[in-house]
Enquirer: 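I'd like to ask you about the structure that follows.
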Amino acid sequence: MGRRRKEPPRRAPEIAPPPGLRAVRFALGGRDVAVLSFPTDQLRIPETLSPAERDVTLALLHGATNAEIAERRGVAVRTVANQVASIFRKLGVSSRTELAAKLGSARKKR
């Protein structure tokens, strides 16, 4: 039998990352962790909302309950409930899910 020619080790193909991809690498519990993410567009909350309603809207979009929002803002839960109702009325939505969908689709239109 003839001699086998030694082939160089195969390298992974070079892949260009998509534009905007960010990578963060850190140690967690003795393990090396990498987190990949894409930056998101800035959320545009309609200016028809008052400053308090804008703050409540951001909290709603982050999944906070009325009680959590009230505690953070130092107001009564009923105050937050009234603000949520006002936000829904002004934006023409009837749920937190619709709110997220409406503001998410508005963000993509630019």
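Everything numeric in this text was worked out from a predicted model, so none of it was measured.
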Enquirer: Side chain to side chain contact (heavy atoms under 4.5 Å, CB included) for Glu98 and Phe88? Distances and angles first, verdict last.
Expert: CA-CA 9 Å; Glu98 283 184 39; Phe88 285 5; over 6 Å; no

Enquirer: Is there a donor-acceptor contact under 3.5 Å from the side chain of Glu68 to the main chain of Thr65?
Expert: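 Checked: pair present.
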
Enquirer: Do any N or O atoms from the side chain of Ser86 and from the backbone of Asn82 form a donor-acceptor pair under 3.5 angstrom?
Expert: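 Side chain of Ser86 to backbone of Asn82, a donor-acceptor pair under 3.5 Å: no, none is there.
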
Enquirer: Nearest 0.5 Å please: distance from the CZ atom of Arg73 over to the OG1 atom of Thr79.
Expert: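 It is 9.0 Å, given to the nearest 0.5 Å.
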
Enquirer: Of all the heavy-atom pairs spanning Ser50 and Glu53, show the shortest one and how long it is.
Expert: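 That closest heavy-atom pairing would be N-OE1, 2.9 Å.
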
Enquirer: Donor-acceptor pair, Glu71 side chain versus Ala67 backbone, under 3.5 Å?
Expert: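 Side chain of Glu71 to backbone of Ala67: no pair is present.
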
Enquirer: Which other residues end up in the same hydrophobic cluster as Val33, if Ile, Leu, Val, Met, Phe, Trp and Tyr are linked when side-chain heavy atoms come under 4.5 Å apart?
Expert: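 Members other than Val33 - counting any ILVMFWY side chain reachable under 4.5 Å - are Val24, Phe26, Leu28, Val35.
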
Enquirer: Between Gln83 and Ala52, which heavy-atom pair has the shortest distance, and what is it?
Expert: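 Heavy-atom minimum between the residues: NE2-CB, 3.5 Å.
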
Enquirer: Is a side-chain N or O of Arg54 found less than 3.5 angstrom from the main chain of Pro46, in a donor-acceptor match?
Expert: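 A pair under 3.5 Å: yes.
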
Enquirer: Among Asn66, Leu49, Ile69, find the residue that satisfies the side chain to side chain contact (heavy atoms under 4.5 Å, CB included) test when tested with Val56.
Expert: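 Of all the options given, the one that passes is Ile69.
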
Enquirer: Working to the nearest 0.5 angstrom, can you tell me the gap between Leu61 CG and Leu99 CG?
Expert: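 Answer for the CG-CG pair, Leu61 versus Leu99, is 5.0 Å.
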
Enquirer: Kindly give the heavy-atom pair with the smallest separation between Leu91 and Lys102, and that separation in Å.
Expert: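 So the minimum-distance heavy-atom pair works out to O-NZ, 2.7 Å.
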
Enquirer: Is there a path of hydrophobic side-chain contacts, each under 4.5 Å between heavy atoms of I, L, V, M, F, W or Y residues, that connects Val77 with Leu60?
Expert: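 Result: no, two separate clusters.
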
Enquirer: Roughly how far, to the nearest 0.5 Å, is the OG1 atom of Thr57 from the CD1 atom of Ile45?
Expert: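 It comes to 5.0 Å.
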
